[in-house]
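Contents: one structure, followed by commentary.
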2 protein chains.
Amino acid sequence: MNLKQLSELLGLSQTTVSRALNGYPEVNEATRERVLRAVKETGYRPNKAAQRLATGKAGSIGLVMPTAPGHQSDVHFGEFLTGLGEEAVRHDFHFVIMPADPDDEVGALRRLAISGNVDALFVAYMRGHDPRLAMLKSLSMPFVVHGRSFGTEPDYPYLDIDNETAFYDAARLLLQLGHTRFALMNGPAHLDFAIRRRNGLIAALGERGLELSEDCTSHTVMTDEEGLIAMERFLQLAERPTAILCSSTVLALGAIRAVNQAGLKLGEDISLIAHDDVLPLLKPENFSVPLTTTRSSLRAAGVRIAQRLISTVKQAGPFPEQELWKTELIVRASTGPAPQS
Amino acid sequence: MNLKQLSELLGLSQTTVSRALNGYPEVNEATRERVLRAVKETGYRPNKAAQRLATGKAGSIGLVMPTAPGHQSDVHFGEFLTGLGEEAVRHDFHFVIMPADPDDEVGALRRLAISGNVDALFVAYMRGHDPRLAMLKSLSMPFVVHGRSFGTEPDYPYLDIDNETAFYDAARLLLQLGHTRFALMNGPAHLDFAIRRRNGLIAALGERGLELSEDCTSHTVMTDEEGLIAMERFLQLAERPTAILCSSTVLALGAIRAVNQAGLKLGEDISLIAHDDVLPLLKPENFSVPLTTTRSSLRAAGVRIAQRLISTVKQAGPFPEQELWKTELIVRASTGPAPQS
DNA sequence: TACATAATTGAAAGCGCTTTGGATGCCACT
DNA sequence: AGTGGCATCCAAAGCGCTTTCAATTATGTA
């Protein structure tokens, strides 16, 4: 069943039927109802490909999903996607997901954009000096970046959390508790959020004349295994750190395993603050020792970015081009005074 | 830059250029090279919408993502998607994800199919007597189901794991260890896998003249909170169960918290076997007491289903229409002899 | 009554691609 | 010379929709 058939069935022109369906004012209400009823009865649905070809609009948001045989799936990605979806479903938008090798992000993004399959792009996993930004700007397709790109003029639409302040504040709390030996379990070193969080920590330490040593820094993918490995390394140092900043509750999961295995007590021997993306699976309050965290909901960010993207496509109300969300510092039981040793 | 412009630039017809690009044999090799070179230089990319309208093929797989404001994101979904993606990227396929309210799965699926946006459908979260099957069959669009639909003639393409045998075997192991009081922490009661796992357990118990009481059964969404709640309930029973079968490591996470909080020892006071979807975040061997599990990789299933879907669309080699994967029963430390009390 | 105006509806031209059904020229073969 | 076959190439017809421009009818005004 297509427009032509439907219009013949109704004894109307394709034009009128099309107008009736798309809510144009110049069509008689009686006819519109007749059309709508026929649509119900026949189950007619416009062909999206044709619609897109005619209008240029696709009603879809494109994103690249990094994936490869060895590449571990990322809960953060899924959580964010859920947020995007929550908003998209309200506007009858869908996603086009292009799976791509993490090494070919630029290419994948370009292919997605040029394919004509999407109206707007969403970009995540931002790096320092990210090469995708130049490409995106040259593309004349709306986009919103989740995160920012360190070292690049911030003249593009983004939504980011204030990573630097988050870890600065977290470090300050631990400093006030008397800690002086810090360690950082961070995400991959080239990613923007990792750079900023590290900077935040270093700034806070610097104010007290302290430094963050290489020994006490780990940059890894954010899995619990890597958390375990990193923490084991820290615990074997002669000058064992007592204060740990951790970029994800996923890393914390492994880190805490290591702490327990070493027979140490979290919140006493070791204080730990993790960044909490509000993953439903890893609630900080559910850890055996509830976790002190810097918190910002990944899903909420997804909803917000979808809002901005969709309203841009629909040319609706103006949204701020740049948003920087504060994180919350929530104190629970994994932080305590520095041990007297 | 479109086909017309490109062909004018080359002094060729659109026909020839199109054929050159799509590998048709009736074009002079010299001309083809000329075309290919021009494509490189101009950066021309065919418009997918037009291509699709003309061919009917979209190079994409459609799936419905259940989502709603209160709806918690599901790690299982993300993990499966990663598997699909891993395979799709090899064939330059992408996904069209239609977010939809969990109550409107049928409608969302139909809309997705009729939209003309996808070549094939993937369907998950199967229920008993699932109404989507009739719809899918009437659709004349290739599809593969992950799971099956209990109570329906299995005459559709599916990939499932042998849930019944998995839990039957798991229960047998616990019976051999002397357990007689069983409990089941299952997924939502209407879902196919939940029905089958329950049946497997009941069958094993039946052979020993045992029954599964309602008190000792919980059907919930598979989050760690629900696992905690269910286990707390079980532990307060007069005749406390000593053997727990658990449909997900996510549920197990909460369940084990409850066990610990009650001051009981996993593997001694309480034996637990969980089904392990091989989620990177929840490795059974990383639990404080490593978990005995029935195992089957969700991601591998995703890869396989993508293979079948894509090869069907490309009309390539024949794949079996129906696959039933065995699960592995892997014994670790969360199971032990029934306590003598 | 005549004419301007508003309210409806349609015909047809695209959107950018694939593909059918010829053309055209060149060669070998009878 | 005449014919069939082959290798190349092209014109034009769709695919199913939106939208411009124009036509028709109904309504109101002078």
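Just so it is clear, the structure is predicted and the values come from calculations on it, not from any experiment. Order of the sequence lines fixes the chain letters, A, B, ..., with proteins taken first and strands second; residue numbering starts at 1 for each chain.
- For B:Leu53, whose side chain is taken as the heavy atoms from C-beta onward, the closest listed nucleotide among C:dG10, D:dC15, C:dC17 is D:dC15.
- In this structure, B:Tyr44 atom OH and C:dG16 atom P are separated by 10 Å, rounded to whole Å.
- The nearest whole Å value for the distance from the CE atom in A:Met1 to the P atom in D:dC17 is 11 Å.
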Going through the distances and angles, do A:Arg308 and A:Glu323 end up as a salt bridge (charged side-chain N to carboxylate O under 4.0 Å, His left out)?
-> CA-CA 11 Å; A:Arg308 283 175 55 179; A:Glu323 292 178 77; 2.9 Å; yes
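- Side chain of A:Thr15, nearest nucleotide from C:dC17, C:dG10, C:dC15: C:dG10.
- In terms of polar N and O atoms assigned as donor or acceptor, the side chain of A:Arg19 comes within less than 3.5 Å of the base of C:dG10 in a complementary pairing.
- On a pure distance criterion of 3.5 Å, no polar donor-acceptor pair joins the side chain of A:Arg32 and the base of C:dT9.
- Side-chain proximity of A:Thr16 to C:dC17, D:dG16, C:dT9: nearest is C:dT9.
- When distances run from any side-chain atom of A:Ala54 to the nucleotides C:dC17, D:dT19, D:dG16, the shortest one goes to D:dG16.
- Ion pairing between a basic and an acidic side chain is recognised when a charged N comes within 4.0 Å of a carboxylate O; A:Asp104 and A:Arg111 show such pairing.
- For the 3.5 Å distance criterion, the side chains of A:Ser18 and A:Thr15 fail to qualify, holding no donor opposite an acceptor.
- In this structure, CD of B:Glu26 is placed 11 Å from C1' of C:dT20, rounded to the nearest angstrom.
- Here D:dA11 presents its P atom at 11 Å from CD of B:Glu8, a figure rounded to the nearest Å.
- Rounded to an integer number of Å, the gap from B:Leu21 CG to C:dG16 P is 16 Å.
- Atom-to-atom, NZ of B:Lys57 to P of C:dT19 comes out at 11 Å; the value is rounded to the nearest Å.
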Please tabulate, for the side chains in residues 128-136 of chain A, all donor-acceptor contacts under 3.5 angstrom to protein atoms that are two or more places apart in sequence or on a different chain.
{"residue": "A:Asp130", "atom": "OD1", "partner": "A:Arg132", "partner atom": "N", "Å": "2.8"}
{"residue": "A:Asp130", "atom": "OD1", "partner": "A:Arg132", "partner atom": "NE", "Å": "2.9"}
{"residue": "A:Asp130", "atom": "OD2", "partner": "A:Arg127", "partner atom": "N", "Å": "2.8"}
{"residue": "A:Asp130", "atom": "OD2", "partner": "A:Arg132", "partner atom": "NE", "Å": "3.4"}
{"residue": "A:Asp130", "atom": "OD2", "partner": "A:Arg132", "partner atom": "NH2", "Å": "2.8"}
{"residue": "A:Arg132", "atom": "NH1", "partner": "A:Ala124", "partner atom": "O", "Å": "3.2"}
{"residue": "A:Arg132", "atom": "NH2", "partner": "A:Ala124", "partner atom": "O", "Å": "3.2"}
{"residue": "A:Arg132", "atom": "NH2", "partner": "A:Tyr125", "partner atom": "O", "Å": "2.8"}

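- When each of D:dG16, D:dC9, C:dT18 is scored by its nearest atom to the side-chain atoms of A:Ala50, the top-ranked nucleotide is D:dG16.
- At whole-Å resolution of the value, CG in A:Leu6 and C1' in D:dG16 are 12 Å apart.
- Toward the 5′ end of DNA chain C lies the nearest nucleotide of A:Asn28, the other residue of the pair A:Gln14 and A:Asn28 mapping further downstream.
- Sequence order on DNA chain D of the closest nucleotides to A:Thr55 and B:Gly11 puts B:Gly11 first from the 5' end.
- Comparing D:dG16, C:dT19, D:dG14 by their nearest atom to the side chain of B:Ser18 picks out C:dT19.
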Take B:Tyr44 and B:Leu21 through the side chain to side chain contact (heavy atoms under 4.5 Å, CB included) test and state the conclusion after the steps.
-> CA-CA 11 Å; B:Tyr44 164 80; B:Leu21 291 176; 3.7 Å; yes
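- The nearest whole Å value for the distance from the CG atom in A:Asn22 to the P atom in D:dT20 is 13 Å.
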